[in-house]
Amino acid sequence: MITMHWADVIAKEVADTCDHPLIATGISPTGIIHVGSLREAITGESVRSAVEGLGKDVRLIYLIDSFDPLRKRYDFLPPEYEQYVGMPISRIPCPCGKHKNYAHHFVQPFLDAVDSLGVKCEIIWTHELYEEGKFAEAIDMTFKKRQQIIQILHEVSGKEANPDYAPYNPVCEKCGRFTHPIFDTYEFPYVEYQCTCGHHGKADVRKGDGKLTWRCEWPAKWMIFGTSAEPFGKDHAAAGGSYDTGKRVAAEIYGIKPPMPIPYEFVQLKGVGQMHKSLGCSVTGLDAINMTPPEVLNYLFLRVNPSKAIDYDSGLGILDMADEYDRMERLYFAGEHTEAEDNSVRAYEIAQHNHVPKQLPLQIPYRHLVNVAQMAPDFDCVLQVLDRTEDMSKATDEDMKRLERRVNCVRYWLNGFAPDMVKFMVYPTIPPGLELTMNDKIFFKELVNRMNDCNWDSKTISNIISETGKASPLGAKGAFKMIYSVLIGKTAGPRLGPFLASMDKLFVINRFVQAAS
RNA sequence: GGGCCUGUAGCUCAGCUAGGUAGAGCAUCUGACUUUUAAUCAGGUGGUCAAGGGUUCGAAUCCCUUCAGGCCCGCCA
């Protein structure tokens, strides 16, 4: 039985029905970013690359709804932002002062993330489309067929028709807020308006003087770009929702074919550590980006169908996910895997967006990185530590970049989300307050004797510890505990053999000498 | 009030878009190596495919009903 990855199924249909396919996706950067927005971008890019893989010339556009109004002063905004409510976010000042405007401020981190995920899209700012007059034709049609639109909205949503419905809202040139047009005065390209601020003015639909309301704007974008397929959250997919009205507006008002819908489920953030819950914090979209390697995040969204809800696990689950990604990578390059792994291996492949590495990249087990990151203060030290146990000579530039990204993610995770169990710190001296018995000291003395001349590798070290421990009253178990105690101040930790091997031999022996005296 | 999605091993999920003996990873258990600890290898346990009915020679898969969970729309008409 041949099974297909969901992205391939969609891609095939898109390729079969469109000559010049265009995938559209977008975001409304009115406030803080959610991981779900990343799912949308990745879903779009995956379909794009899958269509490209079928030999079609395909584009992915990323529409930033920078002309949307600020709906309310969110809690995270300073009180003075009250005055900007109702204004387009492209004309509201940046809260931090470092970006061009409000929209840039909130979308920039997200664009960086999208870029790091390898999404190849054309960024389009909606406010620029309005300023360039791209919406003029659509706006003109909505004024002329306003009654028809009202009827469609009434029929599809089942709500009572609103005779005052405005498909287009001008921006008041005086106060800068969206307001209501006077329909009778419309004559292309002008419409007059009476703003609640008292100003009476005239808007030019060919300029950034106003905007279509969402339910008419969305299909207008389909018309402008000739959209073939578009992923969107289930909120738009609900019966009577904006896709339902949009497809009729598209067909009956603008006379175009609506795009193939790709509805996706939302991402939930779960598995938040106990510590965070008690502090009342939670994981934001940016947190997820910062603590998940981009290739792994890509894979996370690709391994399941868009219709599946994803619980983002910011605890130990993130380690499993990274390990699974690496495993699929190995299977892909091995060229052999079971049928059950088909889907996941293909997910790995698609996650590369048609830029699969030529050969198996350098893989350092993610869990090991968690340990190494805690032993080394910076990336150079990480490399030094890895060099003691891994052959790093064949690492390419690409390998190094990936490694550095991963170390950064691991650190971010360790700082705020990792459970205490995996955390440790190598003390610069014997942890203060640690009391050693005579037996402990004798054990360390013997340990030093045997380690002085030994080969500094994982296996030898393990052997020595085990044997010395057994010969001592501490026993093997007690020996392990004592060593953890003098190094990291805990009674358990990473496997000792590899752990000690990745540390400097002299440093370790010196510590044991201290412990023995 | 309306709608969508989900329900397969302890957990995360494949398998549903070709109807044909139920799968993977993790976890757990056992054994390699005289090294029990968060980076080894090999094997094992483990599921009434939510429930019921229907179609079929044959259903996790298609149809109907029910139950459970999650979410969305009704706040931008």
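Heavy-atom basis, side chains included; hydrogens, waters and symmetry copies ignored. Sequence lines set the chain letters: A, B, ... in the order given, protein chains first and strands last, and positions in each chain run from 1.
- When distances run from any side-chain atom of A:H368 to the nucleotides B:A39, B:U35, B:A38, the shortest one goes to B:A39.
- In this structure, A:R330 atom CZ and B:G25 atom C1' are separated by 12 Å, rounded to whole Å.
- Nucleic acid contact for A:G493: base, since at least one base atom lies under 4.0 Å from a heavy atom of the residue.
- Using a 4.0 Å heavy-atom cutoff across all strands shown, A:S466 reaches sugar-phosphate atoms only and no base atom.
- With B:A77, B:A14, B:U35 as the candidates, the nucleotide lying closest to the side chain of A:T213 is B:A77.
- Straight-line distance from the CG atom of A:D320 to the P atom of B:G10: 18 Å, rounded to whole Å.
- Spacing between B:A59 and B:A51 at atom P, rounded to whole Å, works out to 15 Å.
- A:Y165 comes within contact range of at least one nucleobase, with a heavy-atom separation under 4.0 Å.
- When heavy atoms are screened at a 4.0 angstrom cut-off, A:L386 is found touching no nucleic acid atom at all.
- Of the P atoms belonging to B:C64 and B:U17, the separation is 14 Å, rounded to the nearest Å.
- Counting any heavy atom pair closer than 4.0 Å across all strands shown, A:H154 reaches a base atom.
- Atom name C1', nucleotides B:U12 and B:U66: the rounded distance is 28 Å, in whole Å.
- In terms of the salt bridge (Lys or Arg N to Asp or Glu O under 4.0 Å) criterion, residue partners of A:D320 (sequence neighbours excluded) are, by chain and number, A:R367.
- Ranked by how close their nearest RNA chain B nucleotide is to the 5' end, A:E467 and A:S344 are led by A:S344.
- Residues passing the salt bridge (Lys or Arg N to Asp or Glu O under 4.0 Å) test with A:K12, sequence neighbours excluded: A:D16.
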Between N or O atoms, less than 3.5 Å apart, protein on one side and nucleotides 41-45 of chain B on the other: list the pairs.
none

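- Residue A:N371 has no polar side-chain atom (N or O) positioned under 4.0 Å from OP1 or OP2 of B:A38.
- When only modelled atom types and interatomic distance are considered, A:T245 and A:R215 share a side-chain donor-acceptor pair under 3.5 Å.
- If you check every strand for non-hydrogen atoms under 4.0 Å, A:D235 touches sugar and phosphate atoms only.
- Formation of a donor-acceptor pair under 3.5 Å by the A:R146 side chain with backbone atoms of A:Y165 is found in this model.
- The salt bridge (Lys or Arg N to Asp or Glu O under 4.0 Å) test applied to A:K56 returns no partner, not counting sequence neighbours.
- Taking atom CD1 on A:I149 and atom P on B:C76, their separation rounds to 18 Å, with Å as the unit.
- With C1' as the reference atom, B:G10 and B:U28 are 9 Å apart, rounded to whole Å.
- Protein atom CD of A:E217 is 12 Å distant from nucleotide atom P of B:A77, rounded to whole Å.
- Annotation: side chain to side chain donor-acceptor pair (under 3.5 Å) contacts of A:E252 (sequence neighbours excluded): A:R248.
- Along RNA chain B, the nucleotide nearest to A:R215 and the one nearest to A:W6 differ in position, and the one closer to the 5' end is contacted by A:W6.
- Atoms CD1 (A:I310) and C1' (B:C11) sit 16 Å apart, rounded to a whole Å.
- Between A:N463 atom CG and B:U36 atom P the separation is 10 Å, expressed in whole Å.
- Among A:Y312, A:Y412, A:W413, the single residue meeting the side-chain hydrogen bond (donor to acceptor under 3.5 Å, both in side chains) criterion with A:D287 is A:Y412.
- Comparing B:G15, B:A77, B:U12 by their nearest atom to the side chain of A:I150 picks out B:A77.
- Considering only residues two or more places apart in sequence or on other chains, A:R73 meets the salt bridge (Lys or Arg N to Asp or Glu O under 4.0 Å) condition with A:E82.
- A:N449 meets the side chain to side chain contact (heavy atoms under 4.5 Å, CB included) test with A:E446; sequence neighbours excluded.
- Not counting sequence neighbours, the partners of A:N305 by the side chain to side chain contact (heavy atoms under 4.5 Å, CB included) test are A:W6, A:S307, A:K308.
- Here, B:C49 and B:A68 have their C1' atoms 16 Å apart, quoted to the whole Å.
- B:A18 and B:G25 are spaced 27 Å apart, taking the C1' atom of each and rounding to whole Å.
- A:Q363 meets the side chain to side chain contact (heavy atoms under 4.5 Å, CB included) test with A:D326, A:E329, A:R330, A:L360, A:R402; sequence neighbours excluded.
- For A:R327, the listed nucleotide lying nearest its side chain is B:A24; candidates were B:C72, B:A77, B:A24.
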Each nucleotide of nucleotides 3-8 of chain B classed B (base within 4.0 Å of a protein heavy atom), S (only sugar-phosphate) or -, in 5' to 3' order, makes SBSSS-
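- We find that CG of A:D8 is positioned 13 Å from P of B:C16, with the value rounded to whole Å.
- Rounded to whole Å, atom C1' of B:G15 lies 14 Å from atom CZ of A:R303.
- A:R411 pairs by the side chain to side chain donor-acceptor pair (under 3.5 Å) definition with nothing, not counting sequence neighbours.
- Only the P atoms considered, B:G2 is 46 Å distant from B:A27, to the nearest whole Å.
- Side-chain polar atoms of A:Y264 and A:E40 form a donor-acceptor pair below 3.5 angstrom.
- Scanning RNA chain B for stems, defined as runs of 3 or more consecutive Watson-Crick or G-U wobble pairs whose donor-acceptor distances all fall under 3.5 Å, gives the following ranges: B:1-7 with B:67-73, B:10-13 with B:23-26, B:28-31 with B:41-44, B:50-54 with B:62-66.
- Within 4.0 Å (heavy atoms only), A:V304 reaches sugar-phosphate atoms of the nucleic acid but no base atom.
- Contact annotation for A:N305: backbone-only contact, meaning every heavy-atom pair under 4.0 Å involves sugar-phosphate atoms and none involves a base.
- Rounded to the nearest Å, the gap between the P atom of B:A38 and that of B:C26 is 15 Å.
- The closest side-chain donor-acceptor pair between A:S90 and A:W125, if any, does not fall under 3.5 angstrom.
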